[in-house]
Amino acid sequence: MKPVHLELRDNIALISIDSPPVNALSHAVRDGLMRFIEQADADAEVNAIAIICDGRTFIAGADIREFDMPPQAPHLPDIVDRIDACETPVVAAIHGTALGGGLEVAMGCHYRIALASAKLGLPEVLLGLLPGASGTQRLPRLVGAEMALNMMLSGKPIGAKAALDAGLIDEVVTTDDLAGAALEFAATAIDKGPRHVRDLPVAEVADDLFEKSRINIAKKARGLFSPERIIRCVELSTQVGYDEGCKVERELFMECKDSPQSAGLRHAFFAERTVNKVPDISKETKVKNIDKVAVLGAGTMGAGIAYSCLNAGYNVHLLDNNEEGLERGRATIHKLFAGGIARGKISEEKKLETLERLSLSADYDDVSDADLVIEAVFENMAIKKEVFGKLDEVCKQGAILASNTSTLDVDEIAAATKRPQDVIGLHFFSPAHIMRLLEIIRGKETSAEVIATSLRLTKTLGKIGVVVGNCFGFVGNRMLYSYGRENQFLLLEGAPPEQIDKVLYDWGMAMGPNAVGDLAGLDVGYKARQERTDLPDDPRFYRIADMLAELGRYGQKTGKGMYIYEEGSRQPTPDPQVQIMIDKESRTLGIERRDIDAEEIIERCIYGLINEGAKILEEGIALRASDIDVIWTNGYGFPRHRGGPMHYADTVELAKIYARICEFRDQFGAEFWEPSELLAELAGNGGSFAEFDKNAK
Ligand code: 3H9
């Protein structure tokens with residue numbers, strides 16, 4: 001079926017686009033749109049044209065999947081200009097989201113109307129792009145350069161009311177009948193005639209607008225390629241004519257589109273949508289109804305999870321084993337609400353209304369009617385088993401019993417109950433109300449219904465859930481061990497903590513590993529390592545982290561860890577005492593210290609991650625390489641513009657990575673650097689993780 005239709009209603013041409021799921025501007029849509037615009041404009045019977053979309057949304061942008069293929073005419077900029085050039089007035093009728101190329105089509109129209117619920121934006125920056133179909137030249141003409149810059153640099157859409165106030169649209173439609181409103185508006189536009197956005201002047205701007213903007217993005221959009229180019233285009237819109245501005249926009253758009261950053265960000269976009277595809281879960285899989293959620297353990301994590309569930313609309317019961325714990329949990333939740341209010345995310349009334357859905361107690365009987373229980377007690381197997389044994393006794397049949405374990409064996413926890421099919425791991429990341437990632441760990445016996453319900457839960461919480469298999473540390477924390485291990489070895493071999501942190505931060509990580517350790521608390525990793533019996537018997541393994549923890553230097557919370565922190569500050573300052581300690585330990589262990597360059601730091605830490613990621617894939621713990629990427633970009637501060645560790649590996653080439661890992665094995669030992677068999681195989685036949693994913697589908 002053709003995705004674009006034309007119908008004549010009382011001398012008004014109604015062009016409708018029907019290309020599910022989001023009416024993206026694929027070649028077929030562009031072709032149909034161009035043809036019908038030309039046909040309608042040439043038709044003497046047609047007095048006005050309205051463009052409208054079927055389905056859930058107006059055009060959500062260019063078809064991102066086509067960016068990897070050679071461009072095919074008609075090109076979007078030409079379509080937008082052709083719409084603008086119509087002698088017959090053209091109206092865009094918007095519902096859902098008009099994004100990117102979709103908003104550019106709308107701005108090519110002479111008028112725009114939108115339902116009150118509609119959202120309009122230019123989110124190209126989130127894909128490493130800039131608006132490439134005259135958006136950088138049109139938006140400033142409609143809303144002014146400053147607001148246009150804000151919209152393009154943040155990528156955030158605005159609502160219909162704000163769009164009306166700013167001059168981006170001409171009317172907010174108050175009925176549900178958008179097509180009717182479009183025809184009505186088009187009839188009134190016949191007398192007004194076309195209003196060409198390209199001919200509008202750009203209002204005067206403050207002298208320092210662009211300079212300030214550049215300073216701002218240097219901090220906020222560290223290392224990103226497209227934001228500076230967006231500024232350049234918008235600045236041009238204030239300096240040169242429309243055609244000249246569009247010419248430069250086109251050149252810069254192509255540069256962005258062909259950049260590795262945009263490829264990485266596009267990969268991240270699709271990877272986050274692919275995680276929902278789990279082989280044995282389909283739309284037909286039954287989903288349990290969740291109304292009451294019980295959270296066990298009122299520590300920071302438990303309270304954060306409770307807060308997220310409350311905000312998602314669930315009834316929440318927070319359980320702890322004593323009054324003191326409950327008081328602490330209650331105080332944390334109130335603090336989180338206060339933060340939300342201060343940031344304007346929630347009102348005082350809404351807070352009070354939401355808190356009515358919260359109850360707290362120390363009595364297990366109060367969770368007996370919960371549909372979902374999330375256990376967030378200490379990361380200790382004996383305690384978890386005791387808790388799950390109790391839950392098995394009190395909880396109603398069919399309730400989901402979830403553990404927020406970050407490392408432990410979910411099957412062993414499930415074995416403490418007589419209903420392993422209802423037990424699952426839901427690994428939240430800290431702070432739970434902010435971090436979007438949730439690892440969903442399926443045990444051997446976890447039912448499809450419980451997994452499908454957990455996926456639904458993550459959506460309701462506004463998070464991204466990735467289904468993974470059961471092994472120590474699952475995907476994220478298991479890989480973190482290799483990354484952290486190399487960091488620790490590098491310290492002993494001669495790289496100071498601040499050098500390692502700077503190199504990895506400059507490479508794009510949100511923070512360096514040593515600063516992260518201090519933030520998370522060095523005692524946390526220490527305790528986890530103490531619990532394990534399977535760690536390598538190598539005195540260098542996490543040696544410095546262990547020594548610091550044993551000295552009570554836990555990081556930010558004690559004012560000292562790998563770094564020192566001034567009272568009330570989170571700013572790490574290198575501590576000469578720590579360097580003396582590391583130097584001494586290197587000597588004790590007989591390790592010769594040397595100068596280590598940035599390349600080696602990056603390769604050791606990142607290739608360590610990739611090798612472990614490949615082993616995880618090979619063992620079937622992750623379904624796809626792209627799932628691993630979603631976990632690392634959303635849970636561990638891996639630079640999104642590099643797509644994730646596995647996508648990054650593809651960009652370097654697997655053969656090169658494999659060869660380097662073999663060198664590391666020969667230099668540092670097979671215990672830590674045995675190459676993954678899958679990596680060896682893919683490297684050997686010129687393969688990639690992207691192909692592996694395609695074949696796995
Ligand atoms: C652009 O326009 C460049 C121009 O300036 C210049 C060009 C010359 N293309 O997110 P969902 C798929 S750049 C192809 O789950 P929601 C998506 O993969 C573009 N496919 O739904 C998924 O597929 P599947 C600027 C797309 O309701 C399905 O649609 N525009 C596109 O939560 C549903 O998506 C953007 O950046 C696309 N453009 O959210 C908008 N968009 O079912 C990007 C979606 O197979 N899109 N798909 O997994 C979005 O932000 C959200 O998808 C949207 C809907 C808000 C629209």
Side-chain angles (χ1 to χ4, degrees), residues 275-282 284-288 290 296 370-377 379-393 395-428 437-458 465-481 528 531-534 612-625 627-628 630-631 635 676-678 696-697:
V275 289
N276 295 315
K277 297 177 179 121
V278 179
D280 51 340
I281 311 289
S282 71
E284 282 71 48
T285 309
K286 252 182 90 187
V287 173
K288 290 173 188 263
I290 306 280
L296 264 60
D371 304 297
L372 164 68
V373 182
I374 304 173
E375 162 278 311
V377 303
E379 187 72 347
N380 173 291
M381 186 53 95
I383 299 177
K384 302 241 184 221
K385 280 175 153 175
E386 194 190 320
V387 167
F388 273 75
K390 268 195 213 153
L391 288 174
D392 193 26
E393 278 168 29
C395 288
K396 68 178 183 188
Q397 281 308 309
I400 298 180
L401 309 182
S403 172
N404 174 48
T405 176
S406 53
T407 50
L408 300 176
D409 184 342
V410 171
D411 288 328
E412 199 178 334
I413 296 174
T417 73
K418 288 185 281 310
R419 39 173 126 174
Q421 74 282 358
D422 293 331
V423 177
I424 194 161
L426 291 180
H427 176 206
F428 286 77
L437 180 66
L438 199 62
E439 272 183 320
I440 301 175
I441 303 108
R442 67 189 303 168
K444 264 203 303 276
E445 297 191 47
T446 310
S447 73
E449 197 178 344
V450 168
I451 297 166
T453 311
S454 301
L455 280 166
R456 171 75 59 84
L457 170 87
T458 56
V466 186
V467 178
V468 300
N470 185 29
C471 66
F472 187 89
F474 321 122
V475 171
N477 280 343
R478 175 168 157 185
M479 287 169 71
L480 185 63
Y481 255 99
E531 288 247 333
R532 285 184 73 174
T533 51
D534 60 337
E612 198 61 36
K615 288 181 186 177
I616 281 170
L617 264 186
E618 169 185 309
E619 292 168 27
I621 297 293
L623 282 169
R624 290 163 286 252
D627 286 5
I628 297 177
V630 172
I631 289 172
S676 131
E677 284 173 22
L678 174 68
K697 267 179 196 162

Does any N or O in the side chain of E439 come within less than 3.5 Å of the main-chain N or O of G465, such that one atom is a donor and the other an acceptor? no
Across all chains, not counting sequence neighbours, the side chain to side chain donor-acceptor pair (under 3.5 Å) partners of R419 are D392
Any donor-acceptor pair under 3.5 Å linking the side chain of N477 with the backbone of S406? yes
In a check of side-chain contact (heavy atoms from CB on, under 4.5 Å) between L457 and each of L372, I400, I440, which one passes? L372
CA sep, side-chain torsions, deciding dist, call: L296, V373, side chain to side chain contact (heavy atoms under 4.5 Å, CB included): CA-CA 7 Å; L296 264 60; V373 182; 3.5 Å; yes
Taking the six-membered ring of F472 as reference, does the NZ or CZ atom of R478 fall below 6.0 Å from its centre and within a 45° cone about the axis? no
Can you confirm whether P279 sits close enough to L623 that some side-chain heavy atom of one is under 4.5 Å from a side-chain heavy atom of the other? yes
Would you please test E375 and F388 for side chain to side chain contact (heavy atoms under 4.5 Å, CB included) and show each step? CA-CA 8 Å; E375 162 278 311; F388 273 75; 3.5 Å; yes
Is any side-chain heavy atom of V468 less than 4.5 Å from a side-chain heavy atom of I631? yes
Might you confirm whether atom CD of E619 has over 12 heavy atoms from other residues, nucleotides or ligands at distances under 6.0 Å? yes
Taking all heavy atoms of G469 and all of F474, pick out the closest pair and write down the distance. O-CD2, 4.0 Å
Straight-line distance of T405 OG1 to F428 CZ, nearest 0.5 Å: 13.0 Å
Looking only at side-chain N and O atoms, does E531 offer a donor or acceptor that is under 3.5 Å from a partner on N380? yes
To the nearest 0.5 Å, what is the distance between CD (E612) and CG (L480)? 11.0 Å
4.5 Å side-chain heavy-atom contact, V467 and L455: yes
Could you go through K615 and E677, starting from their C-alpha distance and side-chain angles, then the distance that decides it, and tell me whether this counts as side chain to side chain contact (heavy atoms under 4.5 Å, CB included)? CA-CA 7 Å; K615 288 181 186 177; E677 284 173 22; over 6 Å; no
Test item: N470 side-chain N/O and V410 main-chain N/O as donor-acceptor pair under 3.5 Å: yes
Is any side-chain N of the basic residue among E379 and K384 closer than 4.0 Å to the acidic one's carboxylate O? yes
Check A452 against T285 and note the closest heavy-atom contact, atom names and distance. CB-CG2, 3.9 Å
Atom pair CG/CG of N404 and L426 - distance to nearest 0.5 Å: 8.0 Å
Which atoms form the tightest heavy-atom contact between L437 and G635, and what is the distance? CD2-CA, 3.7 Å
Taken in chain and number order and not counting sequence neighbours, the residues that satisfy side chain to side chain contact (heavy atoms under 4.5 Å, CB included) with R456 are V287, T460
Rounded to the nearest 0.5 Å, what's the gap from OG on S403 to CD1 on I441? Could you check? 7.5 Å
Pairs where residues 441-451 contributes a residue and the test side chain to side chain donor-acceptor pair (under 3.5 Å) is met, not counting sequence neighbours: D280-R442
Measure across I424 and S454 and return the closest heavy-atom pair with its distance rounded to 0.1 Å. CD1-OG, 3.5 Å
In the structure I gave you, are the side-chain heavy atoms of V466 and H427 within less than 4.5 Å of one another anywhere? no
Evaluate I628 against V630 for side chain to side chain contact (heavy atoms under 4.5 Å, CB included), listing each step before the verdict. CA-CA 5 Å; I628 297 177; V630 172; over 6 Å; no
For A614 and L678, work out which heavy atoms get closest and say how close. O-CD2, 3.8 Å
Does K418 come within less than 4.0 Å of E393, counting only side-chain N to carboxylate O? no
